[in-house]
Amino acid sequence: MALVVQKYGGTSVGSTERIRTVAQRVAKTAAEGNQVVVVVSAMGKSTDTLVGLAADITDNPNQREMDMLLSTGEQVSISLLTMALQALGQPARSMTGAQVGIVTEAHHTRARILSIKPDRLRKALDQGEVVVVAGFQGMSTPAPGNDDFEITTLGRGGSDTSAVALAAALGADHCEICTDVPGILTTDPRLVPEASQMEEVTCDEMLELASLGASVLHPRAVEIARNYGIPVVVRSSWTDQPGTWVRSRPAGPRSLEGMEIARPVDGVELDLNQAKVSLLQVPDRPGVAATLFGAIAQKQLPVDLIIQSIYEGNSNDIAFTVKQADLDLAQSTAGEIYQSLCDAANSALPAEGIVTDGAIAKVSISGAGMIGRPGVAAQMFQSLSDAGVNIQMISTSEVKVSCLVDADQSDRAIAALCKTFEIHSSSLAPLKPAGSQTPPPVRGVALDREQAQLAIRHVPDRPGMAARIFTLLAEAQVSVDMIIQSQRCRRVNGIDTRDIAFTVARDDADRAQAALADIVEKMGCAALEINRTVTKVSVVGAGMVAASGVAARMFDALASAKINIQMIATSEIKISCLVDENLAIEALQAVHQAFALEGTEVVEVPKGA
Ligand code: ASP
Ligand code: MG
């Protein structure tokens, strides 16, 4: 007998008629011989309505009372759905978050789950009942010396989190997220009507595509699915279409205690087979990256990290890494391209135009818990700095931070990181992409709008600088996205310096600026520059590690659309380019088309989506 958790969103239980339809579907799943736990959201937009009622009373509602209020929405839908099931002759019982033992932090309106003790739920299942659980809510553990339990909510969209967390605690066979769309799409269909539905996607890919998938499946739910290895499927509430499977690699044993807060980092990886090629002062215009990586791809050279740092004057630095055995060929290919760019511009190749380093190592930390926790990257930089390791290049994505360091410092770097993040060497092996077949090089394309780019010029090139900068930002609760340290080294007052650029959500730009104002002066850096008109376009796919030419194809698509790339950052499964926000949609369309992701069917966009 399988145990299935089904979650129905607000639209799916938006009217009594829909609730009756959902009941039929649940009863059918039970009749097929499954034990079924159903998690539901509040009916339609009722959570919004409740928020509105509170706003009518006061501008500053008490957070405990907000939870008391908002948790009522889900209680309406669980009782009605249970009645509908009973009316069909299906034994069923509703339970609140507290009744199924969902214990959370005490942070009202945004509590994270600490543990689940589903004994009562399991008993009801064993008695042949369907259990209908209120999503989005839990109860907080009492503070020491005070045994008052409180109702908490998990933050907007939190029912997905409830469902996957229950699936993890119960050891369910899978979790179905039943919603008003047929699955997860390759890009935003409002911007690219040719978007098609993915058959499957890995949790890591899904997390990297957060801006694309978050409205369909909450990132916190993906994080739990990944950490506990729960298969999740996103599918329509109304059809038998298969939907999109969100897969994870089989998870190692992981305690249910501290479910959402323990171990933000669960892997430390070392790659000693890295060599770096840097092109300094290449012209800042469309097509340069495309030409360079097109030539590299033609030689079938797999490229790992690619970084283009913020422009200086009218030129950029582009650096990339390849396997050590490929260094000579990569260097000569890059040299030819650089020479031809200079010939075309009638200028001479700069003396220090191409720099290589054959003895570098990549150290990375990975883990789904870094999302929304700005302190994790800072902790990594601090740990490396304490170990006296200088960071040459940084590359970040949602679930991974990689740093290039000198090969002869890599042992020290790894030891420090394992200690800081309490990782035992058994988890050191590089993690293979999950999924049932070989994953495609590119699964989806996402746009992150409302980004701002900040750059600190002339940061002294010595250990500890990145740690200081990103610790300050973490303390100001600013989540940093792409972090890029330039290749170009500039001597200022006898000290070697580099520029560090990064992106943040546009709303956080002022806070980031305020947090850094002091240190920029104290560290003797030059200006802090802000550009508030950038957008990030990213391609994501677990299969890109095994394919060559993915980056070249993306850059080429942008170049053909005459779009200038302002910054490039990559991880194993993601390539992100920063472009001018006015060109964002054009960029998205061009890239989506370049990877032939369009479907044959027109995907219907639900109203109000
Ligand atoms: N009802 C809650 C909300 O609207 C939780 C959910 O639907 O996931 O945010
Ligand atoms: Mg939702």
Side-chain angles (χ1 to χ4, degrees), residues 5-16 18-19 22 26 37-55 61 63-82 94-100 102 104-105 107-113 116 132-140 151-168 175-181 184 206 210 213-225 230 232-237 246 259-260 371-372 606-609:
V5 176
Q6 285 185 337
K7 180 255 172 179
Y8 291 90
T11 321
S12 305
V13 294
S15 66
T16 49
R18 288 190 172 178
I19 288 175
V22 165
V26 172
V37 175
V38 185
V39 174
V40 283
S41 295
M43 290 176 71
K45 296 254 170 265
S46 57
T47 308
D48 290 333
T49 310
L50 294 171
V51 171
L53 291 176
Q63 300 291 289
R64 175 184 183 276
E65 303 311 323
M66 269 321 267
D67 276 354
M68 197 61 94
L69 176 69
L70 296 190
S71 60
T72 62
E74 272 70 14
Q75 290 192 48
V76 172
S77 37
I78 55 172
S79 47
L80 293 175
L81 178 57
T82 305
S94 64
M95 291 190 191
T96 64
Q99 285 174 321
V100 294
I102 298 182
T104 73
E105 302 173 305
H107 286 299
H108 282 293
T109 73
R110 54 184 171 91
R112 284 179 301 182
I113 299 176
I116 303 187
V132 183
V133 181
F136 172 58
Q137 54 172 260
M139 71 178 175
S140 69
I151 295 179
T152 52
T153 63
L154 309 183
R156 296 305 304 274
S159 296
D160 296 344
T161 306
S162 309
V164 179
L166 275 171
C175 178
E176 294 181 22
I177 303 291
C178 304
T179 177
D180 51 354
V181 292
I184 301 163
M206 193 65 194
S215 58
V216 201
L217 181 57
H218 200 283
R220 274 169 64 186
V222 183
E223 182 177 331
I224 298 171
I230 306 296
V232 173
V233 58
V234 174
R235 56 191 300 194
S236 157
S237 300
V246 184
M259 182 179 269
E260 277 200 276
I371 297 174
K607 279 191 225 86

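For ligands, and for the atoms within them, numbers begin at 1 and follow the listed sequence. All of these numbers come straight from a predicted model, not from anything done at the bench.
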Q: Quick one: which ligand 1 atoms are inside 4.0 Å of a heavy atom on F136?
A: 2 (C), 5 (C)

Q: Check salt bridge (charged side-chain N to carboxylate O under 4.0 Å, His left out) between R18 and all other residues, then give those that pass, not counting sequence neighbours.
A: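 Here no residue qualifies.
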
Q: Within a distance under 4.0 Å of any heavy atom of S159, pick out the atoms of ligand 1 and give their elements.
A: 5 (C), 6 (C), 7 (O), 8 (O)

Q: Side chains of T153 and D67: any donor to acceptor distance under 3.5 Å?
A: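 Side-chain D/A pair, D67 to T153: present.
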
Q: Is the closest basic N to carboxylate O distance between R220 and D160 below 4.0 Å?
A: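 No, no charged N to carboxylate O under 4.0 Å.
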
Q: For ligand 1, is G158 a contact, meaning one of its heavy atoms is under 4.0 Å away?
A: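 Yes, G158 has a heavy atom closer than 4.0 Å to ligand 1.
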
Q: State, to 0.1 Å, how close G73 and A42 come at their nearest heavy-atom pair, and which atoms those are.
A: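 The answer is C-CB, 3.6 Å.
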
Q: May I ask you to check if ligand 1 and G157 share an N or O to N or O distance below 3.5 Å?
A: yes

Q: Check ligand 1 against R156 and write out every atom of the ligand that is under 4.0 Å from a heavy-atom position of the residue.
A: 3 (C), 4 (O), 9 (O)

Q: R156: which residues meet the salt bridge (charged side-chain N to carboxylate O under 4.0 Å, His left out) condition with it, sequence neighbours left out?
A: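 With neighbours one apart ignored, the set is D48.
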
Q: Which ligand 1 atoms does S41 reach within 4.0 Å, using its non-hydrogen atoms?
A: 6 (C), 7 (O), 8 (O)

Q: Check each heavy atom of E74 against ligand 1 and say whether those closer than 4.0 Å belong to the side chain, the backbone, both or neither.
A: side chain

Q: Has ligand 1 got any nitrogen or oxygen that is less than 3.5 angstrom from a nitrogen or oxygen of D160?
A: no

Q: On a heavy-atom basis, which atom in T96 and which in Q137 lie closest, and how many Å separate them?
A: CB-OE1, 3.4 Å

